[in-house]
Amino acid sequence: MIMPLIKGLQITISHMFKKPVTLQYPTERPDVKPGFRGLHTLNVSHDKAKCVACYLCPTVCPAKCITVEAGEDQNHDKYAAKYEIDMLRCIFCGYCVEACPVDAIRMTEQFELANYSRADFTYTKERLLEKK
Amino acid sequence: MVNLTIDGKQVAVEKDATIYDAAKACGIKIPILCHDKKLHPFGGCRMCLVEVEQMKGRLIPSCTTPVTEGMIVQTTTDEIVKARKLVLELLLLKHPIDCPVCDAAGDCDLQNLTYEYKVNMNRFVDEKFNHEIDYENPLIERDMNRCIHCGKCARICDEIVSYGAYTFINRGIEAKMGTEFDGPLNCEFCGSCVSVCPVGALNSRPFKFKARWWALQKTKSVCSYCGTGCQLTLGSKDGKVLTTIYDENQGFHNGQLCTRGRFGYQFVNSEKRLTAPLIRKNGKLQEATWEEALAEVTSRLSAGKSDPASVAALATPRLTNEELFLFEKLFRGTVGTDNIDHSAGYAHEALTKGAKASFGVTASPAEIADVQKSNLLLVVKSDAYETHPVIGFEINLGVKRKGIALRIVSDKKGKLTRLPGAKTTVHAPGSEIALFNALCKSVIDQGLAAEGVAGLDALKAAVADATAEKAGVTAEEIAAIAKDFASAEKALIILPIGQGYPGHNAALANAAANLAILTGQVGKEGAGLLIMSEKNNSQGAVDMGIYPKGTGLNAQAIIDGCANGNVKTLFVAGENPVVSYPNRAKVEKALENVEFMVVSELFLTETAAMADVVLPACSFAEKSGTFTSLGRRVQNVRKAIPAVGLAKSDFDILNALSQALGGARYNNQGEVFTEIAANVPAYKGLTQAGLKDEGAVYPVTLAAKLVPAAAKASAPAAGKLALVTGSALYHCGTMSRFGEGPMYVCPDAYAELNVADAAALKVAEGDQVTVTSGTGAVQVAAKVGKRVPQGVVFSPYHFGEGSVNTITDGSEVTYVTVAKK
Ligand code: SF4
Ligand code: SF4
Ligand code: SF4
């Protein structure tokens, strides 16, 4: 009866002498490690999104949160006329990045995604485009 | 039968089978890129290599090697896999590998095999092709950089379609699948080449970038255009039909479709679809709720119950059997009127009166399968190809592969007349009955009549004065056809009917039937008479009794009744009389005059625009049910997408009206089919589930008898041209106008003239001409060629603008003058 109690206290006391893990966010910023899976971004090359609207990311996405609609540009090439991610459903698994055959989508270190309305969680192509 | 062993399995196959066929028969899949079961073996891709014990030392292409007794075949050994990998590496050497943007991805044989054989590197390097891509074609996009030279497109276009749009140009690594002078593709646009292309070299342009193959929901259904009743698979996504998908195992036609079936589906999701009911208020059609609209129709119909003769109803044969049955039950039963009809009243007469009198049934004695089983085909009008293109493919195949003799009697030439060995007799326009009577007389005179045919004397007397001259042909031609027909082991007459062919009426069906009966060409397979009804469910409309049976008015009389005030309430389910019935001005006046007209339609057609209430209806893709094709095959139609907007199927509309009027109410269309099976004798024993994918041909018991048919004396008017109407290859009825595909290729009404007539009138191709008859005048574009003989003009009837019914009055031939505008 008494032994477990002592054991518990031991652990508690030991923590008093350790460096606290709590981060004083937002004054203190976390050190985001490489490979972190944050907000998506659509890579840009030659002033255009690299995405070719192949629909592999919406196909692989387990949360079904990516909507792509293909269009045909002046050169008859395929591009994403619509590219949207519903961030409320995204589970940040990174499968989309893995599936993309043309390195068009990446995940950034951006993790501060809080917002005020549901609509704000719909990331349109415009919002996702890489800011250079 | 030949016995052989494949991968240790014993198989017995026909002696003309190849190793590939034998493997397929016992469930062993050999990879292949250049093979289609409908085409002759080609042996081009070298993927199907196998090892044969008796031919050791080299690998054998299984698709071109016939089986021999005792063969021992291995389909996968290390050596074979190595060889196949090499083949794939070589194919991928020039291939752009742009799968992410290629619409074939997911349905690409090359992609699948590359994956299966794990070809993830290439030992060879070379530059890719840099062929120009044809982006201009509205239906078929050709990217020859992706081509793997399997030759399937060229072979299907040649062997089955008989058009021959493609051929290889250049040799070796330079080889390319080219078109005439490497120019733009200008063909029938049936899309057969697109359907067989194993990669994304040929793509459907209307489907370009619309969806990935794996995201499509695939629904097996039946084409809603002509009476051939081709089965097709609709590819839909998010409530929209986006494409038709090729399935080589569908239907008698093995997945072949014509341009309408393949590229004409866009009407389903057209912007122009009606999405809410409309009621005429203050002279204008305005949106209303279903309750309002149905209440209005109900009150009119229930008022009509006390005077049923003042109510009339027209239905389109595009509805399902279930809907037509309900339609008949509602109007003939609940409302109590016999004034019901479809297809202008004459486009089904060959069945309801003609076949009924000659064979005792209201259906064709022959079925589609008989075409290929015959020894001689006698086609009435070369237009049979235009009206029923996939039956045209069957004729092509029969003639070219099986050596079936082909005789055509027509008022113009056409594609069929160019088939090898085809003999065409061009007769005077409108003289088909005279021609068949002359044939019968010739059969009798030559002593070729079958023994003991009842009614021979009456027929003899009736055709006593029939001469070849009356049909504008020579006596030798008649004698030759009569002889060939009578002496063929199995001879089949093919007779297309439809709204464009007012002359193909009951009398012509009798005259044609007489020839078949007289020569003993009935009651056996591959012989008899195949009456090709026009629309997807024309046969069903006849079976469901959508025509006046007693003293009721037929379609023409209903129009007259509307004009003279005898018909006060007209219910139109999907018909468009303003464009498709003869004499447009008369029809328009009549429909303006009728007190109350309800139209249930997909679009605000010329007829719907005149209605008092318009009910938005569903297309074939939005409902389930059955269609009966011209060969008496009852087939399942399956719902692929939800209804567009607020549209309701005609089934739901009629069901609601029936209930409101105190008639029956059904829970679903399946219940109606059960009732059909119980009430329509021919459908006895059928169930929707039992129809499965392939459908069922209902049997007929023939009571053949000779029915003399009187030929009308045609009176050519001096100085005038004979106008004959009909179908254009790209259209069927007036609905195909709402599909982008057909409209890209054939957007406007035209009049086709002979070069000599055109020269005399100083008319060139594309000129606007005014065609004037005793009924009216119409302006259309001129088309000049050698297809129609001198003195004849042809014009298709599908179009609203410049509609040919402005100048026709329902007679076989209309005499017109043509003048350059
Ligand atoms: S996988 Fe890449 S190229 Fe394909 S749709 Fe997604 S982001 Fe675009
Ligand atoms: S275009 Fe397609 S079907 Fe034609 S040869 Fe090339 S790969 Fe074969
Ligand atoms: S229109 Fe007729 S021939 Fe063409 S695909 Fe449809 S059913 Fe077949």
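Numbers restart at 1 for each chain; the letters A, B, ... are given by sequence-line order, proteins then strands.
The number of heavy-atom neighbours closer than 6.0 Å to CZ of F124(B), taken from other residues, nucleotides and ligands shown, is above 12. Shown here is E136(B), whose CD atom has no more than 12 heavy atoms of other residues, nucleotides or ligands within 6.0 Å. Within 6.0 Å of the CZ atom in F121(A), the count of heavy atoms belonging to other residues, nucleotides or ligands exceeds 12. The environment of CZ in R118(A) is sparse: at most 12 heavy-atom neighbours from other residues, nucleotides or ligands sit within 6.0 Å. Within 6.0 Å of atom OH in Y116(A), 12 or fewer heavy atoms from other residues, nucleotides or ligands are found, so the atom counts as exposed in its surroundings. Shown here is E127(B), whose CD atom has no more than 12 heavy atoms of other residues, nucleotides or ligands within 6.0 Å. Annotation: K240(B), atom NZ; neighbour count of heavy atoms from other residues, nucleotides and ligands within 6.0 Å does not exceed 12.
Listed here is the closest heavy atom pair of C54(A) and P100(B): CB-O, 3.2 Å.
Expressed to the nearest 0.5 Å, how far NE2 of H76(A) lies from CG of D143(B) amounts to 12.0 Å.
Inspection of non-hydrogen atoms places R205(B), K208(B), F209(B), K210(B), R212(B), W214(B) of residues 202-221 of chain B under 4.5 Å from chain A.
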